[in-house]
Amino acid sequence: MTEQELRDLIANHEADRVELTVATKDTDKFSEAVCAFANDLPNHRQPGCLLIGVDDARHIAGLTVTDELLRNLGGLRDDGNIQPLPSLSVQKIVTSDGEVAVVSVQPSSLPPVRYKGRVCIRIGPRRGYATEHEERMLIERRGAQARTFDAQPCLGSTIADLSLGLFQIDYRQQAIAQEVIDENRRPIQQQLASLRFFDLNLDCPTNAGILLFGLDGRGWLPGAYVQFLRVDGDSLIAPILNERELHGDLLTVLRELDALVDAQLTQFPVATSSLQERTVESYPRVAVRELIMNAVMHRDYASTAPLRITWLEDRLEIQSPGGLYGEATPENFPRQTSYRNPIVAEALKALGYVNRYGRGVLRAQDVLATNGTPAAEFEFEGGYVLAIVRRRS
């Protein structure tokens, strides 16, 4: 955007496509604006713009746009509070009257978008929260757009195939703002649909709904399980110490997987000087957890192959069905991330298994280095991604 384009936008903008502010530290305000533009309730099908440095009288206020402000604005995409992830860009424009930060937000292909569990929309020049009718409009709009596998209907299944208590007690309390739950009198199908776990048109759960809350998830998605193998040696022909298959709803699988991984980890002291020592881990728990969560999030659930975790004496191997997805390539991995399963990713964030999007592998490598462990290695094939972590000697 040029300075002239900025001035034209300020002078002639549609009220529900532009928000003006001189605040520089109001993260909630910025995030609600991004969420509302991503929902695009009026269906403009054009980007919405948050202009920081322009007052309500449409005057450029003479602010200085710092690098820190630009980083914070860019971070709105990845901090996990806006679900599903918005598509946005951040730009600084220098004018003769001062600097302006411009956040351009594309309409989401997976509405409704939420900020901290609430659906934000723009109603003319102001922001607000969607009513049940407005949220339903957004759900219906999403149904007409392209879907990822986890958003597709699980044909043949019904709401009776879901553990509704698991959704209402274990998941909803963490994913949705409490005041929204208190006000919610909608049928359970609509509540599930608002989070992309149910297809109202076909009256059946989505694949994500079956994965997260299915009573027999593997019956509908044969590859939706984890195969764990621990051997007493450096090759697969070594004696087997432990062999497990973890299946069921994804919430239960993740809890069992946490306990199983913890049981394999050991710590030991290493000398740092003649008089001092520190404790290190054979495999750093945080790094192992990040790599496993990355595999759970990005695997291909349409595949009949399981996620395989093989624990050998000298290394840990995590093999995830499905190659790199979307814009990710061996050359730009892990800096570039595309989400094969955005609804599963959203659920993992809501449940606290993922802290920040796009950072898991980088965080794992940093923890490995701190522990004195070699960096994780990755092999990319058409049908799988293999992560290898070497034991700390």
Linked, directly or transitively: [X] and [Y] (ILVMFWY side chains, under 4.5 Å):
X    : Y    : result
V296 : V286 : no
V94  : L70  : no
L164 : L251 : yes
V102 : V22  : no
L51  : I93  : yes

Might you work through the side-chain contact (heavy atoms from CB on, under 4.5 Å) test for L63 and V54, ending with a clear yes or no?
CA-CA 9 Å; L63 294 181; V54 182; over 6 Å; no
Would you say that [X] contacts [Y] through its side chain, given a criterion of any heavy-atom pair below 4.5 Å between the two side chains?
X    : Y    : answer
Y283 : L265 : yes
L246 : L260 : yes
Y301 : N207 : no
L250 : F213 : no
D300 : Y325 : no
I292 : V226 : no
Q189 : I159 : yes
S157 : I210 : yes

Does any donor atom in the side chain of [X] or [Y] lie under 3.5 Å from an acceptor atom in the other side chain?
X    : Y    : result
D97  : H59  : no
T373 : R391 : no
D150 : T148 : yes
N294 : E290 : no
E134 : T131 : yes

Report yes or no: is the cationic atom of R230 (NZ for Lys, CZ for Arg) under 6.0 Å from the centre of the six-membered ring of F228, at an angle within 45° of the ring normal?
no
Under 6.0 Å from the six-membered ring centre of Y129 and within 45° of its axis: does the NZ or CZ of R118 meet both?
yes
Would a distance-only check, ignoring hydrogens and angles, find a side-chain to backbone donor-acceptor pair under 3.5 Å from [X] to [Y]?
X    : Y    : result
R392 : N371 : yes
R196 : L192 : no
D199 : P205 : no
Q365 : A376 : yes
T304 : G223 : no
Q227 : L307 : no
N332 : R335 : no
Q174 : Y171 : no
N39  : C120 : yes
Q83  : G80  : yes

Check this for me: D28, atom CG, are more than 12 non-hydrogen atoms of other residues, nucleotides or ligands nearer than 6.0 Å?
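Result for CG/D28: enclosed.
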Cluster partners of Y225, using ILVMFWY side-chain heavy atoms under 4.5 angstrom, listed by chain and number?
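Besides Y225, the hydrophobic cluster comprises nothing; the residue is isolated.
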Linking directly or through intermediates, with side-chain heavy atoms under 4.5 Å: list the remaining ILVMFWY members grouped with L386, chain and number order.
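Grouped by the 4.5 Å side-chain rule, Y384, I388 form the rest of the cluster around L386.
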Minimum heavy-atom distance between [X] and [Y], given as atom pair plus value:
X    : Y    : result
R122 : F37  : CD-CE2, 3.1 Å
S235 : V231 : O-CG2, 3.7 Å
L212 : F197 : CD1-CE2, 3.3 Å
P47  : Q106 : CG-NE2, 3.5 Å
A160 : L215 : O-CD1, 3.4 Å
L155 : W220 : O-CZ3, 3.7 Å

For salt bridge (charged side-chain N to carboxylate O under 4.0 Å, His left out), just list the numbers for D78 and R359, CA-CA rounded to whole Å, side-chain angles, deciding distance to a tenth of an Å, and then say yes or no.
CA-CA 9 Å; D78 297 317; R359 304 291 298 177; over 6 Å; no
Separation between [atom1] of [X] and [atom2] of [Y], rounded to the nearest 0.5 Å:
X    : Y    : atom1 : atom2 : result
N81  : C35  : CG    : SG    : 10.5 Å
D366 : L362 : CG    : CG    : 9.0 Å
L257 : T252 : CG    : OG1   : 12.0 Å
Q152 : T206 : CD    : OG1   : 10.0 Å
E19  : D56  : CD    : CG    : 9.0 Å
K25  : I52  : NZ    : CD1   : 13.0 Å

Could you go through V65 and V100, starting from their C-alpha distance and side-chain angles, then the distance that decides it, and tell me whether this counts as side-chain contact (heavy atoms from CB on, under 4.5 Å)?
CA-CA 7 Å; V65 175; V100 177; 5.6 Å; no
Applying side chain to side chain donor-acceptor pair (under 3.5 Å), run through S87 and R77 and close with a yes or a no.
CA-CA 7 Å; S87 174; R77 176 189 180 277; over 6 Å; no
With [X] via salt bridge (Lys or Arg N to Asp or Glu O under 4.0 Å) - residues at least two apart:
X    : result
D40  : none
R255 : D170
R308 : none

Chi angles and distances behind the salt bridge (charged side-chain N to carboxylate O under 4.0 Å, His left out) call for E3, R7:
CA-CA 6 Å; E3 178 180 350; R7 292 187 182 278; 3.1 Å; yes
Run the salt bridge (charged side-chain N to carboxylate O under 4.0 Å, His left out) test on R114 and E346 for me, step by step, so that the C-alpha distance in whole Å, both residues' side-chain angles and the decisive distance to 0.1 Å come before the verdict.
CA-CA 11 Å; R114 286 178 165 79; E346 177 180 340; 5.6 Å; no
Can you run down the side-chain hydrogen bond (donor to acceptor under 3.5 Å, both in side chains) pairs that involve residues 311-322, sequence neighbours left out, and say none if there aren't any?
R315-E317
Decide yes or no on side-chain contact (heavy atoms from CB on, under 4.5 Å) for M137 and H133, but give the supporting numbers first.
CA-CA 6 Å; M137 290 171 58; H133 173 69; 3.7 Å; yes
